[in-house]
Student: 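I have a structure I would like to understand better, so I am pasting it below and will then ask my questions one at a time.
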There are 2 protein chains.
Amino acid sequence: MVVDRRKMIVDAATNSFSQFGFKATTMDQVAKIANVGKGTIYTFFSTKEELFDEITNSLIKEMKIAAEEAIDETLTFQENVHRALYRILEFRLEHQLTIKLFQEGREMRTPAAMEVIERIEKAILNFIKDKIVKAINKGEIQRCDPELTSFVMLKLYVALIFDWEKNHEPLSKEKIAKVLEQYIFEGLSK
Amino acid sequence: MVVDRRKMIVDAATNSFSQFGFKATTMDQVAKIANVGKGTIYTFFSTKEELFDEITNSLIKEMKIAAEEAIDETLTFQENVHRALYRILEFRLEHQLTIKLFQEGREMRTPAAMEVIERIEKAILNFIKDKIVKAINKGEIQRCDPELTSFVMLKLYVALIFDWEKNHEPLSKEKIAKVLEQYIFEGLSK
DNA sequence: TTTTGACCAAATGTCCAAATTAGTCAGTAA
DNA sequence: TTACTGACTAATTTGGACATTTGGTCAAAA
């Protein structure tokens with residue numbers, strides 16, 4: 001194997017999806033960038049969707065690794081959840097592919113893009129759910145429904161980072177941590 | 001004044017906007033339903049948007065009244081916030097006009113519909129913010145940023161009522177109250 | 001056996017004429 | 001004079017004929 005054609009294709013497609021999104025990326029274009037015949041792509045991937053899936057699955061794996069790296073076992077559950085969630089949402093802003101995909105899902109409603117967004121959200125929820133289950137077993141937090149708790153945490157995070165910005169000055173990382181602590185971990189009551 | 005033409009127009013328009021939404025409602029249609037010439041509409045409202053605004057402002061006022069009615073001064077702040085927010089979101093499901101508008105905003109991105117949705121959201125936020133300020137002054141809850149707190153509460157509510165349903169069995173009213181209490185008012189930590 | 005690009009059907013985009021629509025205003029009715 | 005009307009207009013939207021592009025195939029080349 002002189003050149004890894006599969007890798008060439010995946011790299012070309014990653015570039016194109018990142019720059020133009022799913023819909024505006026054509027198989028002809030990918031073939032040209034990858035320096036292969038279009039037919040070659042179809043010896044590795046049977047549809048455009050399958051090629052896209054391979055790339056987005058890598059993306060999700062990368063996100064998981066980034067989140068896992070943000071966690072520091074010597075810190076508390078609270079701090080770790082904050083670090084992991086913040087890292088994941090930061091990841092979204094750093095990676096052209098996620099930016100493009102979220103934009104495409106929002107603005108053009110491309111089904112393939114929307115499906116990936118859902119897969120990403122589910123992966124994040126599972127990640128947090130897992131951390132919650134472990135924290136419950138270690139007695140670090142109160143018994144609670146992990147499914148519901150991870151859902152509440154993610155929604156709150158996304159709201160504080162992305163929705164709040166639409167009408168207010170962005171919240172700093174520290175402010176977000178404080179808000180999370182105040183509401184989820186402490187409660188408002190006197 | 002034998003017949004109140006203005007009222008005829010507003011009633012006709014309310015019906016049409018509720019059934020067909022903003023874009024699919026034509027001024028000819030409103031005139032026909034209201035039994036007036038089209039020109040008459042323009043003696044009361046100078047544009048289609050202005051007619052729409054009058055109707056949506058009434059809607060928001062109605063929502064405020066419904067929310068205010070849900071509040072019982074003898075209950076705690078927590079219970080009242082829950083009752084008011086739940087009532088407002090219930091209102092959305094009961095009133096054809098809000099259903100249609102949210103659908104039109106989501107699916108067709110009609111600017112007029114999206115602006116109303118934003119106005120509704122702001123009205124809800126102001127309503128809760130006001131209740132929070134009062135509760136702080138009465139010493140019922142901890143000192144906190146009312147803007148941020150109302151934002152967090154609304155986002156959490158909408159997530160629990162509308163977003164949770166997309167992948168799970170709907171939560172009962174009582175369950176939602178419990179979740180709110182557990183997270184916002186009590187906190188998770190041991 | 002692996003790779004290729006010309007080829008195909010289907011999906012998408014491009015026109016443009018015809019239809020629809022928000023808003024006007026000269027005229028009618030009261 | 002005043003309140004109301006609907007035919008009219010300019011601008012936008014729609015529908016559909018036609019052209020282009022695109023995902024996917026496959027016979028031939030390497």
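Convention: sequence-line order gives letters A, B, ...; per-chain numbering from 1.
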Student: So, for B:T149 and B:D145, which heavy atoms are closest and what is the spacing to 0.1 Å?
Tutor: OG1-O, 2.7 Å

Student: Could you check which of D:dG23, C:dA22, C:dT4 has an atom nearest any side-chain atom of A:V36?
Tutor: C:dT4

Student: Grab the NZ-P distance between A:K48 and C:dT12 for me, whole Å please.
Tutor: 10 Å

Student: Can you measure A:D4 atom CG to C:dT3 atom P for me and round it to whole angstrom units?
Tutor: 10 Å

Student: So that I can tick it off, tell me whether B:E90 and B:R83 are bridged by a salt bridge, with the cut-off set at under 4.0 angstrom between side-chain N and carboxylate O.
Tutor: no

Student: Atom pairs, N/O to N/O, protein against nucleotides 25-30 of chain D, distance under 3.5 Å?
Tutor:
none

Student: Check the side chains of A:T26 and A:D28 for a donor-acceptor pair under 3.5 angstrom, ignoring hydrogens and angles.
Tutor: no

Student: Nearest heavy atom decides the nucleotide; on that basis, is A:K23 or A:G37 closer to the 5' end of DNA chain C?
Tutor: A:G37

Student: Tell me: CZ of A:F22 to P of D:dG23, nearest whole Å?
Tutor: 8 Å

Student: Taking OP1 and OP2 of C:dT3, is either one under 4.0 Å from a side-chain nitrogen or oxygen of A:R5?
Tutor: yes

Student: Could you state the CE-P distance from A:M27 to C:dT4, rounded to the nearest angstrom?
Tutor: 14 Å

Student: Without decimals, in angstroms, what is the distance between A:E50 CD and D:dG23 P?
Tutor: 15 Å

Student: Is there a donor-acceptor contact under 3.5 Å linking the side chains of A:Y42 and A:T47?
Tutor: no

Student: Can you check the A:F45 CZ to C:dT3 C1' distance for me, whole Å?
Tutor: 16 Å

Student: Measure from NZ on A:K32 to P on C:dG5 and round the result to the nearest Å.
Tutor: 11 Å

Student: Mark yes or no for whether A:W164, through its side chain, and A:E169, through its backbone, hold a donor-acceptor pair below 3.5 Å.
Tutor: yes

Student: Do B:F52 and B:F17 have their ring centres less than 6.0 Å from each other?
Tutor: yes

Student: Nearest-Å distance, CG (B:D28) to P (D:dA7)?
Tutor: 10 Å

Student: Test your reading of the model: is there a side-chain donor-acceptor pair from A:R87 to the backbone of A:A70, 3.5 Å cut-off?
Tutor: no

